[in-house]
Amino acid sequence: MRGLTLGDAFGETWFFRPAETLETALVERRLKDGPWLWTDDTAMALSLLRILDRHGRVDQDALAAEFAGAYAADPYRCYGASMHDVLRAIGDGEPWPVVTRRQFDGMGSWGNGAAMRVAPLGAWFAGDLDTVVAEAVRSAEVTHAHPEATAGAVAVAVAAALSVRGVPGGELIEAVAARVPDGEVASRLRRATRFALSADPRHVAGMVGCGSLISAADTVPYAIWCAAANLDDVTEALWATALAGGDVDTTCAIVGGIVAARTGLAGVPEAWLAACEPLPSPLVMNPGQ
Ligand code: F2R
Ligand code: MG
C-alpha cells in the first residue's frame, strides 16, 4: 500500500510542469519540493484495503459503499471523469451494478481506475493465484463494467502476487499474461514481452502506450514491463516509469505497488518519504472508528 502511494504521489508531481522542461527534469532527476499529494489511486486502494481487512474478501456492496463514502468525504483527489457520477450515484443509494453498466452508453468504463488500486489485493492473496484473479475481478466490477478494465485489474493483482513470490523479472510479464483473459490488455502484455528489460522505457511506451488514453489497455502493460525491469528497487522503478510521461501518477502507483510488494520501502531516500503526503493512521480502521 505504501509503495502504491509513494508512486502515486511521486508521479503526480510530473504534471503541471512546462513541457519543455519536463523531460530534462526527469533525465536529470530533479525532484519537486514536497508535499507530494496522493490522488484517487491511493484513496481507492485504501478503501479496498479496508474492505479486505474487515471482510477478508471483496464484499462488493461494502466496497461500493466504502468508495462512495471516501469520495463524499474528499472528492478533490483527481478522480477519473466518470467516477464523479458513479460514486455520487452510489452514494445516493443507486445499486452499483446499474450505475456502472450505464457508463459510456452502456459499455461501462475501460479506464485504468480498477487497475491503479489493486496491487495491495494481489499481495494480500499472494499465496493463491486463483483467488487473486477472482477477487481482483470482484474489486473491479464495483466501478468498471467493461471487461478490459477488469483484465487490467487482474494483470496488476497477479503481478503484485508474483512479485511477493519472488518470480524473476524476466518471467513476470509472460506469467501475468497467462492469467489475463484474451483482449487488448493481454495482447499488449504479449507485445511488451518482446522488449528486453534493459530497453528504454520510452521505446516500450511507443509500442504499448503509457496511459495517455487513461484506459487499462494503454496503461497496464507498460506499467508491468517497468515493474518487471526494476523488481528489486522501487526508486529506480519509479524514475524509469515516469520517463515516458503519460498517466504518470497511475503508472507509478501501479509500479510502486507491484515492486514494493516485494521490497517494501527499504532503500527509498528519506527525502522521498518525508515529501510524500502521509497515509491515515492506522491504515485500516474498523467500522465506527
Ligand atoms: N486523470 C485523472 N483524473 C482526471 C482529473 C480531472 C480533474 N483535474 C479533476 O480533478 O477531477 N486521473 C485519474 O483517472 C484515472 C482513472 O480513471 P477511471 O477511474 O478509470 O475513470 P473513468 O472516467 O471511468 O475512465 C478514465 C477515462 O477513460 C476513458 N474511457 C473509459 N471508458 C471508456 C469507454 N467505454 N469509452 C470511451 N472512453 C472511455 C475516458 O476518457 C475516461 O475519462 C487515473 O489516471 C486516475 O488517477
Ligand atoms: Mg490519480
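Remember, it's 1-based here, ligands and their atoms both numbered in the order they're listed. Throughout, residue positions are numbered sequentially from 1 according to the sequence presented.
- Shown here are the side chain to side chain contact (heavy atoms under 4.5 Å, CB included) partners of Ala253, two or more places apart in sequence or in another chain: Leu4, Asp8, Asp41.
- Using a cutoff of 4.0 Å between basic side-chain nitrogens and carboxylate oxygens, Arg101 and Glu94 are not scored as salt-bridged.
- Side-chain contact between Trp96 and Leu63 is absent, with no heavy atoms from C-beta onward closer than 4.5 Å.
- Between the OG1 atom of Thr219 and the CD1 atom of Ile214 there is a distance of 8.0 Å, given to the nearest 0.5 Å.
- Ion pairing between Arg117 and Asp40 fails under the 4.0 Å rule for side-chain N and carboxylate O.
- A salt bridge is defined here as a Lys NZ or Arg NE, NH1 or NH2 lying under 4.0 Å from an Asp or Glu carboxylate O, and Arg262 with Asp233 fails to meet this definition.
- Relative orientation of the Trp239 and Phe10 rings is perpendicular, given thresholds of 30° and 60° on the angle between their planes.
- Panel detail: the Mg ion (ligand 2) has protein N, O or S atoms under 2.8 Å away, 4 in number.
- For the side-chain contact (heavy atoms from CB on, under 4.5 Å) with Val156, the lone residue among Val185, Val180, Val220, Val255 that qualifies is Val220.
- Arg202 meets the side chain to side chain contact (heavy atoms under 4.5 Å, CB included) test with Glu23, Val27, Asp200, Leu243, Ala244; sequence neighbours excluded.
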Please tabulate, one line per pair, the protein N or O atoms found under 3.5 Å from any N or O atom of ligand 1, giving the distance to one decimal.
| unit_1 | atom_1 | unit_2 | atom_2 | d |
| --- | --- | --- | --- | --- |
| ligand 1 | 3 (N) | Cys78 | O | 3.1 |
| ligand 1 | 3 (N) | Tyr79 | O | 3.4 |
| ligand 1 | 11 (O) | His84 | NE2 | 3.4 |
| ligand 1 | 20 (O) | Asn112 | N | 3.4 |
| ligand 1 | 20 (O) | Gly113 | N | 2.9 |
| ligand 1 | 20 (O) | His144 | NE2 | 2.7 |
| ligand 1 | 23 (O) | Ala81 | N | 3.1 |
| ligand 1 | 23 (O) | Ser82 | N | 2.7 |
| ligand 1 | 23 (O) | Ser82 | OG | 3.4 |
| ligand 1 | 24 (O) | Ser82 | OG | 2.7 |
| ligand 1 | 24 (O) | Ser109 | OG | 2.6 |
| ligand 1 | 32 (N) | Trp110 | N | 2.9 |
| ligand 1 | 35 (N) | Gly108 | O | 3.0 |
| ligand 1 | 45 (O) | Asp247 | OD1 | 3.1 |
| ligand 1 | 45 (O) | Asp247 | OD2 | 2.4 |
| ligand 1 | 45 (O) | Thr250 | OG1 | 2.9 |
| ligand 1 | 47 (O) | Asp40 | OD1 | 2.8 |
| ligand 1 | 47 (O) | Asp40 | OD2 | 3.4 |
| ligand 1 | 47 (O) | Asp41 | OD1 | 2.9 |
| ligand 1 | 47 (O) | Asp249 | OD2 | 3.0 |
| ligand 1 | 47 (O) | Thr250 | OG1 | 3.1 |

